Each structure stands twice: as C-alpha cells, then as structure tokens.
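For clarity, every value in this text was computed on a predicted model and none was experimentally measured. Residue numbering restarts at 1 for every chain, and letters A, B, ... go by the order of the sequence lines.
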Protein chains: 2
Amino acid sequence: MGRPKTFDEDAVLDRAIEQFWTTGYHAVSVRDLETGTGVLKGSLYAAFGDKRALFLASLRRYADQSAVQIRELLSHGANPRAGLEHYLRVRGKGCTGPGRTRGCLLANTAAEVAPHDPEVRAVVGQSFAKLAAALEPAIVEAQEQGLLSRRHDAHELAAHLVVLVQGMSVVGKTEPDSALVRSSLRFALSLLENDAPEKSR
Amino acid sequence: MGRPKTFDEDAVLDRAIEQFWTTGYHAVSVRDLETGTGVLKGSLYAAFGDKRALFLASLRRYADQSAVQIRELLSHGANPRAGLEHYLRVRGKGCTGPGRTRGCLLANTAAEVAPHDPEVRAVVGQSFAKLAAALEPAIVEAQEQGLLSRRHDAHELAAHLVVLVQGMSVVGKTEPDSALVRSSLRFALSLLENDAPEKSR
DNA sequence: TCGTTATTTGAACGAGCGTCCAAGAACGCG
DNA sequence: CGCGTTCTTGGACGCTCGTTCAAATAACGA
C-alpha cells in the first residue's frame, strides 16, 4: 500500500482557493501555496500536476461550491421572489465592507486568466451560464405566481442579474464599502418589486 | 540641450496600454513592454521609473481617454436618452465579438491589481465614480424631458449602469460572443424605454 | 523482520523576472 | 571644433519563478 497521504486533497484545494481568490493567479507563487496549504511543493506537484492544474482544480471546486450555494440562496424565503431577493442581498453584502474586497473568484479569473486559457475560460463561462440557468426558472415561477412583474423578459432579466452580480464583485474591489455597489443593488432589488402588476391570471 | 528623445511618451503609453489591457499587469514583462513599445528598457526606466509607475501612467491615461469618450458617447444623438442608449450599445458591442475579449482595462485592473495597490485602487475607483457622475445628469435630463420613465431613481440607475457595464466587460471575456452580455444589454436598453417596454426576443 | 510501495522532503536547476549602470551617441552652445 | 548635457544601448546583477528528482520516510503484506 505504501506510505499514506498526510493531507486531504479537498482541504488543500480549499486553502488554495483562498490564496488564488485573494491574491490572483499570477501573483501567487508555488512557494506561497506551499506555506498556505501546509503541503510541500513536491507533494503538491505529485498530487495535482503543476501550478496551472492546481489552479484549475481549485477553480472547479469553487465553481461547484458556488453552484450549490446559489440553489441554497434561491430556495431561501417563502417564495421564488424572496429567494431572488435573498440571493441578490447576500451577493451584494459579500462584496462590500472591510475584508470583502476580493470579489468573486470566478469574476477575478474571468478578468485575469480567461482570455489566455481556453480550459479556464470554459469553466468560468459554464459557471456563468449555469447561474443564469438557475435564476431564470425562479424568475418565471415568481412571475407565474404574480409576485414579480411580467414587464421584464425572464431570460433577459436572468442574464442581466448574472452580469450585474459580476459587476458588483468587480466594482466592489475598488473600495471597502462601495456606494456604487450599494446603489446598484438597491436598484436591482427595485426591479424585483411587483410595482406595475397587470391583472393577474 | 542634450540628446533629443527618440520617442513620444504618450505614444509609448498608448502602446503600453494595449499590452496591459490584453495581457494583464503581472503577465506582461518589462521585456514584453520593450518590444511592444519599441523603446529599450533603459529608456523606459529613465522616462517612467519602474514597471509599476509605467502601469500607473498607462492606467491614468486610459482613464482620461475613457472619460472623454463617455462624454462623446453621451452627447451622441438627438437627446439625452439617445446618448445613454448609444453609450450602452457601444459598450456592449465593445466586449462581444472576435478579438473583443479583453474587456475594459479599468475592470481588469479592478479585479487583478486594485486590492493590492492603494494608488491603483484610487485611480480605478475615481474612474468609476466619474462615470456614474457623468451618467446621472443625462438620466435626470432625459426624465425631465419626458423621454425616460421617472419610475427609477436617477442616482441608483446611474450606479446600476456603471456596475452593469463593468460586469459586461468581465463576463464578455469568457466568450467571443457572449449571449449573457447580449441579453443583459437588451434588458438594460429596455430599462431606458419610456413606458411599458415590449418583451423583445 | 524484511521487502515493497507510495509519499514526503528539500536541494538543485535553468529560465526569466525587474532593475541598474557604464559606455556610447546625438544634440546645442561657446 | 571641443565641451557639457541628455538620451540610448545592452550587458550584467541578484533574485525568484515553476519544476524536477534522488534520497529519506512510513505504512503495508508476508
């Protein structure tokens, strides 16, 4: 059987996620990852391949985790509309405030790495698409239940919210507590208000 | 007095902007800048200081240029509402399509560098704030002229559009022609319609 | 107990990084 | 024509990068 592993790969990935998230791909060195994960580089290379492969594994794990979180957030509250609102609020709070200037790893990666690495690009792009695909049915349901105005096309609104959330995470990186993020969040929440309902059927 | 400079600093900055824009700060080496600008490193160091200072100068120039462009785009068309629409369309087209996956230098920098460099952060943050400050009066005027619904708060809408545009430039980096960007753009345009917007698609 | 096998360890490697600087080259002026 | 001044040129420096690998280590079955 040989000598047993002294670390859990997923736990290492969680640590690596933290580093890539707060510092970025290029700015994190393998030495940094060594100290950050507590695993010496030889073992990192044996377990994951190289720096890029470790990053890809971290990114995929982060994407999976965030996909799960989306479902949780959307199912919060009494109805689909409350879930949407909750999702937006959490995402908004997540990128304002002290220590919250690292944004979202997917957005950071889209900006820094995606154009130069097809595999990375695919992971990030699919994540964004999945997010939109998760938001859209919630919007449709909310509209069907008369909780959300039908003024807006559900598909477009879903895409809009995806783009908006990524924008918040980017703009939020320029200030510990960004007024722009807060205002845009308030605006987005106002979009979800059922202010001009036609006769519900 | 002395040997004359063989290059124009602003022209060099324009070249440097291109490189930082398409490749990112950390991924561009001083050697790359040497070949990209056509100026040997010794002269670059003499003229600008070091890599970070050159980046900062490029970033400030980019920010200035984009502030000018905003005013131009907003004044396009017959009225403030047409200017806003034009601005959104141009920004949307600018980050979809082949060869358009480099987004916006300000957004890229917000994601990659801003959290780790206060001076950079200030430049980017102020740029975003200026953009919002340029959009808001256009929105107010459009509302006063009855061209744009008063349903939305002008200040919040301005912030919303800033964040949205940054989001488009980030999401657009994951695909040459992003359906998400196109949809969110269509949605944003529908927000600018005066009364009950039709459900396009 | 010993041999097998898988993992850990950290020294070592070449390449490339950002930066510096001494020498040469091109001007204006006396 | 020198002379002073400024900019250019490209080699060199020290360092850190990502990566490799042989030796040391630890668990297993026999």
Side-chain angles (χ1 to χ4, degrees), chain A residues 1-60 108-109 112-114 116-120, chain B residues 1-60 108-109 112-114 116-120:
Chain A
M1 283 285 281
R3 182 173 177 172
K5 270 212 176 75
T6 60
F7 60 90
D8 175 46
E9 297 207 0
D10 284 343
V12 166
L13 286 181
D14 284 333
R15 298 272 191 91
I17 285 173
E18 289 294 316
Q19 297 200 267
F20 286 126
W21 192 356
T22 58
T23 315
Y25 175 70
H26 285 105
V28 166
S29 74
V30 174
R31 263 92 176 172
D32 293 336
L33 291 165
E34 213 178 358
T35 67
T37 61
V39 176
L40 295 181
K41 42 194 149 71
S43 299
L44 288 179
Y45 274 83
F48 299 101
D50 57 5
K51 184 189 175 184
R52 177 178 168 275
L54 173 56
F55 176 68
L56 258 162
S58 306
L59 187 65
R60 286 195 232 267
N108 297 354
T109 302
E112 188 193 351
V113 192
H116 315 294
D117 189 319
E119 222 160 336
V120 166
Chain B
M1 272 300 193
R3 182 172 177 172
K5 267 211 178 76
T6 59
F7 60 91
D8 175 46
E9 297 206 0
D10 284 342
V12 166
L13 287 182
D14 285 333
R15 298 274 191 86
I17 285 173
E18 290 293 318
Q19 298 199 268
F20 287 126
W21 193 354
T22 58
T23 315
Y25 175 71
H26 284 106
V28 167
S29 75
V30 174
R31 264 90 175 174
D32 293 337
L33 291 165
E34 214 178 357
T35 68
T37 61
V39 176
L40 295 181
K41 47 196 150 74
S43 299
L44 287 179
Y45 273 83
F48 300 101
D50 57 5
K51 184 189 174 185
R52 177 178 168 274
L54 174 55
F55 175 69
L56 220 44
S58 306
L59 187 66
R60 285 195 233 267
N108 297 354
T109 302
E112 187 192 351
V113 192
H116 316 292
D117 189 318
E119 222 160 335
V120 166

Please determine whether side chain to side chain contact (heavy atoms under 4.5 Å, CB included) holds for the pair A:L33 and A:F20, giving the CA-CA distance in whole Å, both sets of side-chain angles, and the decisive distance to 0.1 Å. CA-CA 9 Å; A:L33 291 165; A:F20 286 126; 3.9 Å; yes

Using 0.5 Å steps for rounding, measure from the CD atom of B:E18 to the OG1 atom of B:T37. 12.5 Å

I would like to know whether B:E119 and B:R60 meet side chain to side chain contact (heavy atoms under 4.5 Å, CB included); could you show each step before the answer? CA-CA 11 Å; B:E119 222 160 335; B:R60 285 195 233 267; 3.7 Å; yes

With no hydrogens and no angle check, is any side-chain donor or acceptor of A:D32 less than 3.5 Å from a backbone partner on A:S29? yes

In numerical order, the residues of residues 13-23 of chain A whose heavy atoms come under 4.0 Å of DNA chain D are none

Between D:dG10 atom C1' and B:L44 atom CG, what is the distance in whole Å? 13 Å

When rounded to whole Å, the NZ to C1' distance for the pair A:K5 and C:dA6 reads 9 Å

Could you state the CD-C1' distance from A:E34 to D:dT16, rounded to the nearest angstrom? 13 Å

Expressed in angstrom and rounded to an integer, what is the separation of B:L33 atom CG from C:dG18 atom P? 8 Å

Can you name the side-chain contact (heavy atoms from CB on, under 4.5 Å) partners of A:A53, sequence neighbours left out? A:D50

Give the B/S/- string for nucleotides 18-30 of chain D, one per nucleotide from 5' to 3', where a protein heavy atom under 4.0 Å of the base yields B, of only the sugar-phosphate yields S, and otherwise -. BBBB---BBSS--

Any chance you could lay out the side chain to side chain contact (heavy atoms under 4.5 Å, CB included) test for B:V28 and B:F55, step after step, and finish with the verdict? CA-CA 10 Å; B:V28 167; B:F55 175 69; over 6 Å; no

Do any N or O atoms from the side chain of A:T23 and from the backbone of A:Q19 form a donor-acceptor pair under 3.5 angstrom? yes

Whole angstroms only, please: what is the CG-P distance between B:D32 and C:dT19? 14 Å

To the nearest 0.5 Å, atom CG of A:L44 lies from atom CG of A:L54 at 6.0 Å

